[in-house]
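Below is one structure, written out as structure tokens; the observations come after it.
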Amino acid sequence: MEVVDSQLHLAQGTTKPCLKCKWQIADPTNPDQGQCTVNRTAMGSIWKRWIRDVHNMTCSKHEEGKLSFREHV
Ligand code: SF4
């Protein structure tokens, strides 16, 4: 199956891991896992995606940095 680049996918050793992405929220109990908050509906609600491996997963919406506290839910 073809990997759709805009979607969260496994990329072993990627230079743009979810770990360094501003849309990622770390899982407080397991730092290797997290949630992606990049997807927002027109109504403004956030559709979170589970990230199994924040070190080796990425997507084309990757943006380095940290979200401000206000932007988080
Ligand atoms: S926007 Fe992409 S790279 Fe960033 S946390 Fe979400 S899935 Fe990972």
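Whatever order the structure lists them in is the order used to number ligands and atoms, beginning at 1. Computed from heavy atoms alone, side chains included, the values below leave out hydrogens, waters and symmetry copies. Predicted model only: the values in this text are computed from it and were never measured.
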- Query: Counting from 1, what ligand 1 atoms have a heavy atom of Arg49 closer than 4.0 Å?
  - Reply: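 Near Arg49, meaning under 4.0 Å from one of its heavy atoms, ligand 1 has 7 (S).
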
- Within-4.5 Å side-chain heavy-atom neighbours: Ile46 and Lys48: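 Sidechains of Lys48 and Ile46: in contact.
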
- Message: Is the shortest side-chain heavy-atom distance between Gln24 and Val38 below 4.5 Å?
- Response: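 A side-chain contact is absent here, since even the closest heavy-atom pair is not under 4.5 Å.
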
Applying side chain to side chain donor-acceptor pair (under 3.5 Å), name anything that partners [X], two or more places apart in sequence or on another chain.
X	result
Thr29	Asp27
Asn39	none
Gln12	Asn56

- Can you list, by chain and residue number, the protein N, O or S atoms under 2.8 Å from atom 4 (Fe) of ligand 1?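 Those protein N, O or S atoms (cut-off: under 2.8 Å from atom 4 (Fe) of ligand 1) are Cys21 SG.
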
- Query: Does Lys20 pair with Glu64 as a salt bridge, N-O distance under 4.0 Å?
  - Reply: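 No, no charged N to carboxylate O under 4.0 Å.
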
